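Because the structure is predicted, anything quoted here is derived from the model rather than measured.
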Amino acid sequence: MLIRVDDIHFAYPGGVKALDGISFTIQPGEKVALVGENGSGKTTLARHLNGLLHPQAGGVWIGEWQTTQHTPAKLARHVAYVFQNPDEQLFRQRVWDEVAFGPKNLGYTPEQVRIMVEQTLDKMDLSGLSQLNPRDLGYSGRKRVALASALTMQTPVLVFDEPTVGLDAKELDQLGKVITSYHQQGKTILIILHDMDFLAENMDRFILLNQGLVALDAPAQQFFKQKMLLETSGLVAPQITRLSQSLRYSHLAMCVDQFLMFGRRER
């Protein structure tokens, strides 16, 4: 499902301009990182993709749907959005009910909902917690429930706002595998995140925002070569990437496995 953002502008009450003429296209099945300093417009932009916010000029299309012509409830069939803070999203009394809420409202049969929920709970290591109240879980547990509630909807587009915050190393690895799995199903994944290590290892394309504008839109390899621009935007490439750059590898390594592979080639 093609995403098209065409010259959108948005300002909050009081005249604070968050988006100042942003345009880009995301092809179906892309893995895209949306990065930039705090206040650069990332979350504001993401909330335009599911109709939570509407542009004051320009337009946003999800497939053939212009977001201003459809309610967030209808757009939820196409775009699942995970808030940065899970406590802004969770509202049911059981983990199971929280994860089942989306597919139930999309009209799936009870049996389909059961299968979808069980599969998603298993992927997010939540099966043993399904009868608990999400509020009784620690922060990382609530985070995984929020992620599961979006994943279980099986929408063509998934938007995650700071999904790794509060997760430990095992949970980060688990999330990376889940992203790979859903990407292999052809789903489009957009992640807002400051964790460059996670993004470098899991995402293919980077869109850098700066003061409400697109400062850079490039594949990972080209993105991390723009050292000066990244530094002025408050971003630092992963250590393994910087090491491969300092060793003058022909290609920048995005993870340890790539570093070892490229190192063997450079010999």
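- Put simply, L199 and V159 are part of two different groups of oily side chains (I, L, V, M, F, W, Y) that touch within less than 4.5 Å, one to the next.
- Counting only heavy atoms from C-beta outward, the side chains of L260 and R264 approach each other to under 4.5 Å.
- Separation of atoms OG1 (T188) and NE2 (H183) is listed at 8.0 Å; rounding is to 0.5 Å.
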Decide side-chain contact (heavy atoms from CB on, under 4.5 Å) for T155 and H78; before the verdict, give the C-alpha distance in whole Å, the side-chain angles of both, and the deciding distance to 0.1 Å. CA-CA 5 Å; T155 54; H78 298 322; 5.8 Å; no
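- The CD1 atom of I192 sits 11.5 Å away from the CZ atom of F160 when rounded to the nearest 0.5 Å.
- Across every non-hydrogen atom of L175 and L147, the tightest pair is CD1-CD1, 4.2 Å.
- Remark: Q185 CD is packed, more than 12 non-hydrogen atoms of other residues, nucleotides or ligands lying under 6.0 Å away.
- A donor-acceptor contact shorter than 3.5 Å links the side chain of T180 to the backbone of G176.
- Looking at V165 and N85, their side chains never come closer than 4.5 Å, going by heavy atoms from C-beta outward.
- Distance check, rounded to the nearest 0.5 Å: CZ of F223 to CD1 of I207 gives 10.0 Å.
- A single hydrophobic cluster is not seen to contain both L208 and F24; linkage of ILVMFWY side chains at heavy-atom distances under 4.5 Å, directly or through other members, places them apart.
- Side-chain contact between K123 and L151 is absent, with no heavy atoms from C-beta onward closer than 4.5 Å.
- In this structure a side-chain-to-backbone donor-acceptor pair under 3.5 Å is missing from E30 to I26.
- Considering CG of L216 and CG of L230, their distance stands at 7.5 Å, rounded to 0.5 Å.
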Is there a side-chain contact (heavy atoms from CB on, under 4.5 Å) between V157 and L190 once you walk through the steps? CA-CA 8 Å; V157 180; L190 179 69; 5.7 Å; no
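- Within the model, atoms CD of E118 and CG of D122 stand 9.5 Å from one another, a figure rounded to the nearest 0.5 Å.
- The backbone N or O of V113 sits nowhere less than 3.5 Å from a side-chain atom of K104 that would complete a donor-acceptor pair.
- Put simply, F259 and F262 are part of the same group of oily side chains (I, L, V, M, F, W, Y) that touch within less than 4.5 Å, one to the next.
- R142 contributes no side-chain N or O that, together with a main-chain N or O of D87, makes up a donor-acceptor pair within less than 3.5 Å.
- Note on Y108: it does not cluster hydrophobically with I115, by side-chain heavy-atom contacts below 4.5 Å among ILVMFWY residues.
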Determine all donor-acceptor pairs shorter than 3.5 Å in which one atom belongs to a side chain in residues 10-22; sequence neighbours excluded.
from: Y12; atom 1: OH; to: T44; atom 2: OG1; distance (Å): 2.6
from: K17; atom 1: NZ; to: D20; atom 2: OD1; distance (Å): 3.2

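- The two residues L252 and S244 come nearest to each other via the heavy atoms CA-OG, 3.6 Å.
- Looking at R135, its side chain does come within 3.5 Å of a backbone N or O of L90 through a donor-acceptor pair.
- Residue P156 comes nearest to R77 through the heavy atom pair CD-O, 3.6 Å, listed as atom of the first residue, atom of the second, then distance.
- Closest of all the heavy-atom pairs between I62 and M1 is CG2-SD, 3.5 Å.
- Counting heavy atoms of neighbouring residues, nucleotides and ligands inside a 6.0 Å radius, atom NE2 of H251 does not exceed 12 of them.
- Here the side chain of E231 pairs no donor or acceptor atom with the backbone of M228 at under 3.5 angstrom.
- Atom CD of Q245 sits about 12.5 Å away from atom CD1 of I240, to the nearest 0.5 Å.
- In this structure the side chain of Q221 reaches within 4.5 angstrom of the side chain of M254, judged on heavy atoms.
- With contacts defined as side-chain heavy-atom distances shorter than 4.5 Å, the pair V79/I3 does not qualify.
- Remark: the backbone N or O of N210 is not paired with any side-chain donor or acceptor of S40 at under 3.5 angstrom.
- Both I179 and M116 are assigned to one and the same hydrophobic cluster, defined by single-linkage of ILVMFWY side chains at heavy-atom distances under 4.5 Å.
- A 4.5 Å side-chain heavy-atom check between P72 and N50 finds every atom pair outside the cut-off.
- Between the side chain of K42 and the backbone N or O of E37 there is at least one donor-acceptor pair closer than 3.5 Å.
- Contact check for V82 versus P163: no side-chain heavy atoms found under the 4.5 Å cut-off.
- Across all their heavy atoms, Y81 and A46 have their closest contact at CE1-CB, 3.7 Å.
- If you check the side chains of S149 and Q89, you find a donor sitting under 3.5 Å from an acceptor.
- Within the 3.5 Å criterion, the main-chain N or O of Q66 finds no donor-acceptor partner in the side chain of Q69.
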Test side-chain contact (heavy atoms from CB on, under 4.5 Å) on L52 and F83 and set out the steps. CA-CA 12 Å; L52 289 177; F83 288 82; 3.9 Å; yes
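- Counting only distance, with no hydrogens or angles, the side chain of Q131 and the backbone of W96 share no donor-acceptor pair below 3.5 Å.
- In this structure, R205 and V32 have side chains that are in contact, with non-hydrogen atoms separated by less than 4.5 Å.
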Where do I8 and H48 land on the side-chain contact (heavy atoms from CB on, under 4.5 Å) test, with the steps shown first? CA-CA 9 Å; I8 65 171; H48 278 72; 4.2 Å; yes
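- Contact between Q174 and M124 at its shortest, heavy atoms only, is NE2-C, 3.4 Å.
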